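Source: prediction; values computed, not measured. Along the sequence shown, residues carry numbers from 1.
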Amino acid sequence: MKIALAQFNPTVGDFDGNSARILDLANQARLNGAELAVFSELCLCGYPPQDLIERPSFAARNQKALAQLARAIPIPSLVGYVGKAQDDTGKPVANSAALIADGKIVFEQRKMLLPTYDVFDETRYFQPAHTQHIFRLNPEILGITICEDCWNDKNFWSQRLYERDPVAELVGQGSSLLLNISASPYTLDKRSLRHDMLRAIAMEHHVPVVYVNQVGGNDSLIFDGSSVAFMPDGRVAALANSFEEDLVYFNSITGVGDIRPQPLDELGAAYHALVVGTRDYVRKCGFSKVVVGLSGGVDSALAATIAVDAMGPENVLGVAMPGPYSSEGSLRDARYLAKNLAIELQVIAINETFDSYRKALAPVFAGLREDVTEENIQARIRGNLLMALSNKFGSIVLSTGNKSEMAVGYCTLYGDMAGGLAVISDVPKSMVYELSKFANRARMRIPQATLDKPPSAELRPNQKDQDTLPPYDVLDRILKAYVEDLHSPEEIADHYGFPLDLVRSVARRVDQNEYKRKQAPPGLKVTSKAFSVGRRFPLAQKFFPISEAVFH
């Protein structure tokens, strides 16, 4: 059987647009001799639809759109949508895969394993499948699963999350071909893990495995696509592009298929993910242009470069806002960056505005020395200016703070945190430098001086980040261990040989600044644990972790 792996970029709630794209790809597949087209999880409505699912009209639109699509589809196609639950107990809807052909739904399979970890909350919305069944589509006997259904192989995972294994059950019923439709978000190294797991399933059960994943960005989540087909011997028989829409073909009998080139390394994949996430967030929210504050530092330089690659230089406005403590080099670097990126640059000095704030507050602050208050005023002036430009020109502001700063609260509410999208808020500072060098691989875009100078907010004379923070190579290791791997300060100090007081102080800053992060714009998720979707901690709490386990 010649199968088309059809990965495309759906928009949540755009039933007409998503249906048109599905139909277009199915027509292309028919013209290329495909006998079956396989699409991604919930592709008809887009993933993740979140609480839209609780609106009865949303589920009704899914079912109406699927019926209309079935009447027009030119070849048998497997489509993900919000279907009706199996019975009247519990949730009224199910995460479903419909095989449509000959003008109707000929088979339907509901998702059995509903994830409730990290960014997933599917038991909130869906009723799980109680049973699964095979379906014959000559010459194959199809075993159809949906995303998490294939993530419970006892031979691959040391600790399973579910009692049942839908894949093993379908193979036990006689399936000759396993199909999995997914909406699996990208994180660092996720593509290789996913492929290792799918290869293990193909080899364990001695059947080909076809996996079709969503591609594109929806809110904070970025989907890499990377759809793949494995043969029973573990060989990759078909592989779609990463971070691009694609249509590749796989013959389940001969094992012949299309194989696209992939990003050379994970750094390149992460950069492409941020570009795709930025482009889709901006466009799907109805914007066409962006504004970026350019400080002359590496964070804003990287954010602006990503914005240019996402939106084109003609749609990016850079704004330099020198203040009383800004160095000449910072403004010079901002100008060089704007020239290298071919973007418009506006320079708006904040000295007079800052002086007016100090004058207005002088009677109230009489007798008190200047401190972080005055530093934050400068940041908030800049935030106000960026938002004014956003309002006037209908552009979205991209905030430029990195994960390391967000973690410890080294950022200003309503100042540098202002904006509609935090492009690199899940990128640790050390990785900011790596991604900046990647962005310069073809030619120098981010000035070398920006990469070489010590990081500074330039909100007081001779200020450096390390006046307040540990060196970033130290800080980032502590943060990964504490935030992503959930280790205690004692475990981290013992493992790395860092002073325990240092690690505890970093951990306390992470915990104490949860309230700031709750007010930050949405960010793009690229690590295993981002500070937005998928991480839920209370704001008012007094728990502080102690050592309980061995550091791995």
Side-chain angles (χ1 to χ4, degrees), residues 267-268 270-272 274-275 277-279 282 289-323 325-350 378-379 382-383 385-386 389-390 393 395-402 404-405 411 415-425 427 429-459 463-465 472 524:
L267 191 67
Y271 187 87
H272 288 304
L274 291 168
V275 169
T278 300
R279 178 189 301 127
V282 171
K289 295 181 180 294
V290 303
V291 179
V292 186
L294 299 183
S295 67
V298 66
D299 295 326
S300 61
L302 176 61
T305 305
I306 290 170
V308 165
D309 289 344
M311 305 301 300
E314 70 280 5
N315 294 314
V316 180
L317 171 64
V319 185
M321 295 166 284
Y325 309 113
S326 301
S327 66
E328 291 183 9
S330 292
L331 182 56
R332 182 179 63 245
D333 291 344
R335 292 187 189 277
Y336 284 158
L337 176 72
K339 181 180 179 181
N340 292 347
L341 296 178
I343 65 174
E344 180 185 353
L345 177 69
Q346 292 287 345
V347 179
I348 307 174
I350 69 166
Q378 296 169 70
R382 292 180 172 122
L385 292 172
L386 291 173
L389 294 170
S390 171
F393 300 116
S395 304
I396 186 171
V397 174
L398 304 182
S399 66
T400 61
N402 62 65
S404 308
E405 296 170 347
C411 48
D416 55 303
M417 293 175 67
L421 177 67
V423 176
I424 58 170
S425 63
V427 179
K429 184 73 169 190
S430 53
M431 188 178 173
V432 168
Y433 284 99
E434 295 175 10
L435 288 171
S436 297
K437 293 173 183 176
F438 179 86
N440 281 351
R441 67 199 184 284
R443 61 181 179 86
M444 182 65 68
R445 297 195 288 178
I446 298 175
Q448 189 62 44
T450 297
L451 299 173
D452 291 341
K453 65 185 176 186
S456 171
E458 295 191 331
L459 297 174
Q463 184 182 34
K464 300 291 185 293
D465 287 6
Y472 280 113
L524 300 175

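- Side-chain atoms of Leu385 and Val319, non-hydrogen and from C-beta on, never get closer than 4.5 Å to each other.
- Here the shortest heavy-atom pairing between Asn340 and Arg445 reads ND2-O, 2.9 Å.
- Results of the side chain to side chain contact (heavy atoms under 4.5 Å, CB included) test with Leu524 over Ile424, Val275, Val427, Thr278 single out Thr278 as the only residue that passes.
- Between Asn315 and Val282 the shortest side-chain heavy-atom distance does not fall below 4.5 Å.
- Here Glu314 contributes atom CD and Lys289 contributes atom NZ; the two are 6.5 Å apart, rounded to the nearest 0.5 Å.
- Qualifying salt bridge (charged side-chain N to carboxylate O under 4.0 Å, His left out) partners for Asp333, counting only residues two or more places apart in sequence or in other chains: Lys453.
- For the atom pair CD of Gln448 and NZ of Lys437, the computed distance is 8.0 Å after rounding to the nearest 0.5 Å.
- Between Met321 and Leu386, the closest side-chain pair of non-hydrogen atoms falls below 4.5 Å.
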Show your reasoning for whether side chain to side chain contact (heavy atoms under 4.5 Å, CB included) applies to Asp309 and Tyr271. CA-CA 10 Å; Asp309 289 344; Tyr271 187 87; 2.6 Å; yes

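- For Gly323 against Arg382, the heavy-atom pair with the smallest separation is N-NH2, 3.3 Å.
- Residue Thr400 holds its OG1 atom at 7.0 Å from CG of Asp416, rounded to the nearest 0.5 Å.
- Atoms CG and NZ, from Leu341 and Lys339 in turn, are 12.5 Å apart once rounded to the nearest 0.5 Å.
- Judged by distance alone, with hydrogens and angles left aside, the side-chain atoms of Ser395 form no donor-acceptor pair with the main-chain N or O of Ser390 at under 3.5 Å.
- Under the ring pair (Phe, Tyr, Trp, His ring centres under 6.0 Å) criterion, Tyr336 pairs with no residue, sequence neighbours left out.
- Phe438 and His272 have perpendicular rings, their planes meeting at more than 60° on a 0 to 90° scale where under 30° would count as parallel.
- Using a 4.5 Å cut-off on side-chain heavy atoms (C-beta onward), Ser436 and Leu451 make contact.
- The two residues Ser399 and Ala418 make their nearest non-hydrogen contact at CB-O, 3.4 Å.
- Contact record, Ala310 with Arg279: O-NE, 3.0 Å, taken as the closest heavy-atom pair.
- Here the closest heavy-atom approach between residue Met311 and residue Val290 is recorded as CG-CG1, 4.3 Å.
- The CD1 atom of Ile343 sits 7.0 Å away from the CG atom of Leu345 when rounded to the nearest 0.5 Å.
- Between Val432 and Tyr472, the closest side-chain pair of non-hydrogen atoms is not below 4.5 Å.
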Distance-only donor-acceptor hits, side chain of residues 294-308, under 3.5 Å, sequence neighbours excluded:
from: Ser295; atom 1: OG; to: Gly297; atom 2: N; distance (Å): 3.0
from: Ser295; atom 1: OG; to: Ser300; atom 2: OG; distance (Å): 3.4
from: Asp299; atom 1: OD1; to: Asn402; atom 2: ND2; distance (Å): 3.2
from: Asp299; atom 1: OD1; to: Lys429; atom 2: NZ; distance (Å): 3.4
from: Asp299; atom 1: OD2; to: Asn402; atom 2: ND2; distance (Å): 3.0
from: Asp299; atom 1: OD2; to: Lys429; atom 2: NZ; distance (Å): 3.0
from: Ser300; atom 1: OG; to: Ser295; atom 2: N; distance (Å): 3.2
from: Ser300; atom 1: OG; to: Gly297; atom 2: O; distance (Å): 3.3
from: Thr305; atom 1: OG1; to: Ala301; atom 2: O; distance (Å): 2.7

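- Taken to the nearest 0.5 Å, the CD1 atom of Ile350 stands 5.0 Å off from the CD atom of Gln378.
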